[in-house]
Amino acid sequence: MIQPGADKRFMAAAIALGRRGLGLSAPNPAVGALVVKDDIILARGWTKPGGRPHAETEALRAAGEAARGATLYVTLEPCSHHGVTPPCTDAIIAAKIARVVYAVDDPDPRVGGEGDQILTAAGVKVTKGLLAEEALRANLGHMLRVSGQRPMVTLKLALTADLHAAGSLHDPRLVITGAPANGYVHIQRSMHDAIMVGIETILADDSLLTVRLPGLEARRPLRVVLDSDLRLPLGSRLVATAKTHPTLVIAGEGASEEAAHRLRAEKLEVAMAPRDGAGRVDLRAALEALATRGLTRVFSEGGPRIAAALIGQGLADDVMILTSAKPLGREGVLGLAPPSAAALADPDRYHCVETRAIGADRLTRYERAI
């Protein structure tokens, strides 16, 4: 017998479990699953690197014969189509699961409600829609790639107490946040499929864009540079490490083929995308190109101009602002343009969902209204 409130408790646990696959499971969603009987968790599973095995089959395999008559909690509608592996619905029916509780329907047209129908027809009791909003947020990258032809975007900005992102032109690189906040950023990098910046960030900071935390060194998200006219220096750290860390440069159509050839010779990938009205790489087109590659989650560290464009075009789904306790105290580059600040304060566009200290710095996080 399921105790009152148990369904929500187990689904919340499955959603948390599914987060283990973030940054690893693309092009598939990062799903979590629990096999539960008599209010006891018998087994758990989450989507493995590369998207397979799926969470449901992992949990059922771990439960074995004990799965008979149990309840399966899963964060996304179980798949019902034959792909690289057989459908999860087949595995659920074969395991004699009595009840399936899932959070949100899968927008993939190969699934789209069929998982529910197949399980119900086989005599499995199905409950859906539990903690749907939380599961939608957890799988937003998958949802947007399927229905919006783009990955979800997490935008990160680091600001001084007086809201600057950098000093004046020719100032040395500004170190804004402390070690705890920097560690948090590296964890976030590891939970995304790609790290995206504009060329101005590379020219100013010679950024490396890697995950550099003990135990996470093997995480190597695709490094993406929006470089309309292919100005990326051959002597940059990105170029020097391209043989070991995958790097994609997205240039504007009509960019120099000679410059592209030089970068490709250094093992960087170069792709062309349409330009916007200002002659820069069109952001929407760049994101669509990343979705076509199977990417579901992009971490943008591109600075104030790209931040303004992402927010202004409704492409920033999660906005993380790390604010230092120390002001710049002199003229500098404003990190958040007034229209962007107004958008974040507009409840029809964004919701502030978190504010807390990370060391001496403060994190404020917004989610786009969906």
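For the numbers below, each heavy atom of this structure counts, side chains included, while hydrogens, waters and symmetry mates do not.
Each of Arg52, Arg20, Lys48, Arg44 was compared with Glu58 under the salt bridge (Lys or Arg N to Asp or Glu O under 4.0 Å) criterion, and only Lys48 meets it.
Using a cut-off of 4.0 Å between Lys/Arg side-chain N and Asp/Glu carboxylate O, Arg297 and Asp318 are scored as not salt-bridged. At a threshold of 4.0 Å, the pair Arg262-Glu266 does not count as salt-bridged, since none of the basic side-chain nitrogens sits closer than that to a carboxylate oxygen. Salt-bridge check for Asp193 with Arg145: failed, with every basic side-chain N at 4.0 Å or more from each acidic carboxylate O. Remark: Glu134 does not engage Arg137 in a salt bridge, criterion side-chain N to carboxylate O under 4.0 Å.
Hydrophobic side-chain contacts under 4.5 Å tie Leu22 into a cluster, directly or through other members, with Ile187, Met191, Val211, Leu213, Leu216.
With a 6.0 Å radius and a threshold of 12 heavy atoms from other residues, nucleotides or ligands, Arg19 has its CZ atom at or below the threshold. Few gaps surround CZ on Arg264; more than 12 heavy atoms of other groups in view lie less than 6.0 Å from it. Shown here is Glu331, whose CD atom has no more than 12 heavy atoms of other residues, nucleotides or ligands within 6.0 Å. Within 6.0 Å of CD on Glu253 lie more than 12 heavy atoms contributed by other residues, nucleotides or ligands.
Counting only distance, with no hydrogens or angles, the side chain of Asp346 and the backbone of Asp348 share a donor-acceptor pair below 3.5 Å.
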Handout entry: Steps toward salt bridge (charged side-chain N to carboxylate O under 4.0 Å, His left out) verdict (Asp229, Arg275)
Key = CA-CA 10 Å; Asp229 298 306; Arg275 296 176 185 259; 3.1 Å; yes
If you apply the rule salt bridge (charged side-chain N to carboxylate O under 4.0 Å, His left out), what do you find for Arg231 with Glu200, and how did you get there? CA-CA 9 Å; Arg231 294 183 290 153; Glu200 298 296 343; 2.7 Å; yes
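The aromatic rings of Tyr350 and Tyr366 sit perpendicular, their planes meeting at an angle over 60°, well past the 30° parallel limit.
Under 3.5 Å, the side chains of His142 and Asp108 contain no donor-acceptor pair of N or O atoms.
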